[in-house]
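Only heavy atoms go into these numbers, but all of them, side chains included; no hydrogens, no water, no symmetry mates. Starting from 1, each residue takes its place in the sequence as its number.
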Amino acid sequence: MALQGRFNIEGARRGLLLAFLLVALVLGLELMLLRHVPLAQQSNGVGIPYVVASEAFKSRPPAPIGPKEFCEAWTGQASSQVDCRTALSINDLQPLKAGNAANTLEQAQTQVQAHLAWMKTLRSEMEGQAKDRPIQTTLLAALNARIDAADRYNEAAQPLQNVDPYPRMFQWLLLMDGVSYDSLRDQFRLKRWDIARLLDGSERLSLRGQAQEKTLHRLPWWVLSSSALLLALGYWRARWTGLVCIGIYLCITSLGLLLAADAATQFGQNSLYYGLNPLGNQLDRQLDVQLTGYALLGSILLLKPWLSKFSSVVLQYPFASVWVVAMLVVTAYALQSPAIGSETLKLGLALLAASLMTDQGRVLHLIRKYAPDVFQPRLIWRAFKRSPKVNSNAKATSTSATRLVLGHIAGPLLNFSAFGFAVLLLVSMVFKDLGGALIAALVLVTTLFLVFGSRPALLSLTAMGLAGAVLSQTDKVQGRIQLMLEPMTASVSDFARLAAFTEAAKPNGFGLGQIAWCNQEGTCLPLQVLSDYVPTLLNGLWGPHLARLLFVGICLYFAAMAGVACWRFLTDRGGQRLMAMVAFFLLLASLFQTVITFFGNWRLIPLTGLGAPLLSIGVSTMLAPTLAIALLLTCSSRSSPAT
């Protein structure tokens, strides 16, 4: 006995040592990724507070008259009655000029010249600080470009014969204000990332820069400490399964966070269009999302007993659960956003499919094994006829048994099927979320296949194909098909820029921390690059071969975890079977979404607007896989009973 106890102690020590080494390996991989997070000195957003705090910036003059106000003062008419580019009436195309137009022109000229002189003073001070603060280089380049463009308009305000000074002054004011004008709609729109926003939104941008600087300094500590805590919880709850599952999860999410950090600090460099970084706030947002996902994962691992109570409620009231989920899905789409609605639909459908499989799975298995004829349409029709005609007691007994069997399973199946198809039609036709509807449809077809076999699943796939053929005639889908087939000539230039980015990155990619968000000509990747186009971004990061290898690895990860969840469903009992099946369907949905997103970026199928799970920014790519992994590890607990 003493010898056996000693062996047990030695085995426990070896297990703890191996677990510690695995934790060290995961944290080391994360640290290797985080080492490539750009420094705060590389971000023009972090440089904004220093510019705002300078003496030259504090001495700025009042802002000049706006282009809309100048147009209305010159013409004496509301801008809706005038083409402000030419000061012509939209009714009779006659030139309009108010009596005080000359004074308005002189006032605008004086104000804008004073503003231009102040910008040159600010530039001189920034150039003097550039050696000590290279962080301001990008801002200085944008300011230089604005001053050079404004100088071309800075000519004497003396009216020349046969020369109308109005168009020149109007264009000058548009430039200085960072505003675009649409004469057809009478719209003056601020260019959100123009250098002029530094002047009228300095306080907000300064606070954002300070927050980003703090985040960049603390990022490694937040990520590594959270990761160590999650790994400890995973080992406590599920031993080696927990360590491996959470370790891979942490590495994937850390890679996504690295991409967000790189974009938040370096996107827009070399571009005159983006004087300010339009993705500057994405690091803080994604870090909040990621830490929230970590907190959700840890909370579920800690609160396992409450999950059992929730599972029993869902199994006890299946009909109410279906329509509560339906209300939540519609509310999320109507009041929140398509991304939140899509995640709610995914979670709700996974919960209901898991409830159906848990409650009726054994019965359906026995029926398919011992009475497969029950699902034949002829017998179903006879079973539900009010007065079946029978010729013998045997037939009567058979029909009665068929009716009883179908009566037991028909309610939950029809309830689930009605919910699935009704919500799919609503989401695709009303809310126009084709990507979310596609994922939900694949989960629904998988459920029907597991319940009824291949025939209903094939019929459902056929119905999906017909619906897809109808939807493919809409303008939205036609545009995406054109984008897939003809990326260089499509009306939307996203794929043309992505194709050029991919070609420039071949064969081995730009490498971590060296992504070329904008080329030498100043053309940048689409702003949706961190959500819709992460697979293309991975091509540019490591080259196409490693990007494909990463795709295969992520798919295998989700497939392996789904297989473990299915095994737990078959071997567990009670509420844990429901949690295992919810995890299975969520992992399956994540696998489908990964394949669809990567194939869409590789132009094998049209784009769907879906992000890559755990890699793209936003809650919509974090919630489902995080919940799935948490539920799976809860089911894999050492204390879970097995049959």
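Between the CG atom of Asp262 and the CG atom of Leu537 there is a distance of 8.5 Å, given to the nearest 0.5 Å. Put simply, CD on Glu55 and OG1 on Thr121 are 13.0 Å apart, with the number rounded to the nearest 0.5 Å. Note that the CG atom of Leu276 and the CG atom of Leu139 stand 6.5 Å from one another [nearest 0.5 Å]. Distance CG/Leu632 to CD1/Ile300: 11.5 Å, rounded to 0.5 Å. Atom CE of residue Met561 and atom OH of residue Tyr249 lie 14.0 Å apart, to the nearest 0.5 angstrom. A distance of 9.0 Å separates CH2 in Trp517 from CD in Gln266, rounded to the nearest 0.5 Å.
Not a single donor-acceptor pair under 3.5 Å links the side chain of Thr265 to the backbone N or O of Pro38. A distance-only check finds a donor-acceptor pair linking the side chain of Arg497 to the backbone of Cys524 [under 3.5 Å]. With hydrogens and angles ignored, the 3.5 Å screen pairs no side-chain donor or acceptor of Gln212 with any backbone N or O of Asn281. In this structure a side-chain-to-backbone donor-acceptor pair under 3.5 Å is missing from Gln286 to Ala260. Remark: the backbone N or O of Ala580 is not paired with any side-chain donor or acceptor of Arg568 at under 3.5 angstrom. Of the possible polar contacts, none joining the Asn277 side chain to the Gly268 backbone as a donor-acceptor pair under 3.5 Å is found. Looking only at distances, a side-chain donor or acceptor of Asn601 sits under 3.5 Å from a matching main-chain atom of Asp532. With Ser254 contributing its side chain and Leu250 its backbone, the two residues share a donor-acceptor pair below 3.5 Å. Side-chain atoms of Ser531 do not come within 3.5 Å of backbone N or O of Ser616 as any donor-acceptor pair. Judged by distance alone, the side chain of Gln282 and the main-chain N or O of Ala263 form no donor-acceptor pair under 3.5 Å.
At a threshold of 4.5 Å between non-hydrogen side-chain atoms, the residues Leu31 and Leu27 do not count as touching. With contacts defined as side-chain heavy-atom distances shorter than 4.5 Å, the pair Phe592/Leu438 does not qualify. For the pair Leu219/Leu257, a side-chain contact is recorded, criterion being any heavy-atom separation below 4.5 Å from C-beta on. Side-chain contact between Asp151 and Lys120 is present, with at least one heavy-atom pair separated by less than 4.5 Å. In this structure, the side chains of Arg192 and Pro278 stay at 4.5 Å or more apart for every pair of heavy atoms. Inter-residue side-chain proximity for Phe558 and Leu614 is flagged as met; some heavy-atom pair is nearer than 4.5 Å. Contact annotation: the side chain of Val51 approaches that of Leu122 to within less than 4.5 Å [non-hydrogen atoms, C-beta and beyond]. Within the 4.5 Å cutoff, side-chain heavy atoms of Ser342 are placed close to those of Tyr333.
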(request) Could you walk me through whether Glu30 and Leu224 pass side chain to side chain contact (heavy atoms under 4.5 Å, CB included), step by step? (result) CA-CA 7 Å; Glu30 283 193 292; Leu224 292 177; 4.0 Å; yes

(request) Apply side chain to side chain contact (heavy atoms under 4.5 Å, CB included) to Ser54 and Met126, showing your working. (result) CA-CA 9 Å; Ser54 65; Met126 291 176 63; 6.0 Å; no

(message) side-chain hydrogen bond (donor to acceptor under 3.5 Å, both in side chains), that's the test. Do Ser227 and Tyr294 meet it? Break it down for me.
(response) CA-CA 8 Å; Ser227 299; Tyr294 290 176; 4.6 Å; no

(message) side-chain hydrogen bond (donor to acceptor under 3.5 Å, both in side chains) for Asn539 and Thr502? Distances and angles first, verdict last.
(response) CA-CA 6 Å; Asn539 280 345; Thr502 302; 4.6 Å; no

(message) The test is side chain to side chain contact (heavy atoms under 4.5 Å, CB included); show your working for Leu527 and Trp193 and say whether it passes.
(response) CA-CA 12 Å; Leu527 293 183; Trp193 314 116; 4.3 Å; yes

(request) Step by step, work out the side chain to side chain contact (heavy atoms under 4.5 Å, CB included) result for Leu442 and Ile596. (result) CA-CA 11 Å; Leu442 291 173; Ile596 291 171; 4.0 Å; yes

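By the neighbour-count criterion of 12 heavy atoms within 6.0 Å, atom OH of Tyr273 is sparsely surrounded, having that number or fewer from other residues, nucleotides or ligands. In this structure, Arg285 places its CZ atom where only 12 or fewer heavy-atom neighbours from other residues, nucleotides or ligands lie under 6.0 Å away. Heavy atoms from other residues, nucleotides or ligands lying under 6.0 Å from NE2 of His36 number more than 12.
Closest non-hydrogen pair, Leu205 versus Leu198, comes out as CD1-CA, 3.8 Å. Summarising the geometry of Leu550 relative to Leu255, their closest heavy-atom pair is CD2-CD2, 3.9 Å, with the distance given to 0.1 Å. Shortest non-hydrogen contact noted between Ala612 and Phe598 is CB-CE1, 4.3 Å. The two residues Arg237 and Leu302 make their nearest non-hydrogen contact at NH2-O, 4.1 Å. Here the closest heavy-atom approach between residue Gly341 and residue Ala332 is recorded as CA-CB, 3.7 Å. Closest non-hydrogen pair, Leu586 versus Lys346, comes out as CD2-O, 4.0 Å.
Cation-pi contact between Arg239 and Tyr235: present, with separation from the ring centre below 6.0 Å and deviation from the ring axis of at most 45°.
Using a 4.0 Å cut-off between a side-chain N of Lys or Arg and a carboxylate O of Asp or Glu, Asp284 and Arg208 do not qualify as a salt bridge.
Using a 30° and 60° split on the angle between ring planes, Phe551 and Phe599 fall in the tilted class, from 30° to 60°.
When the options Leu283, Ile515, Leu33 are evaluated for a side chain to side chain contact (heavy atoms under 4.5 Å, CB included) with Leu259, the one that passes is Ile515.
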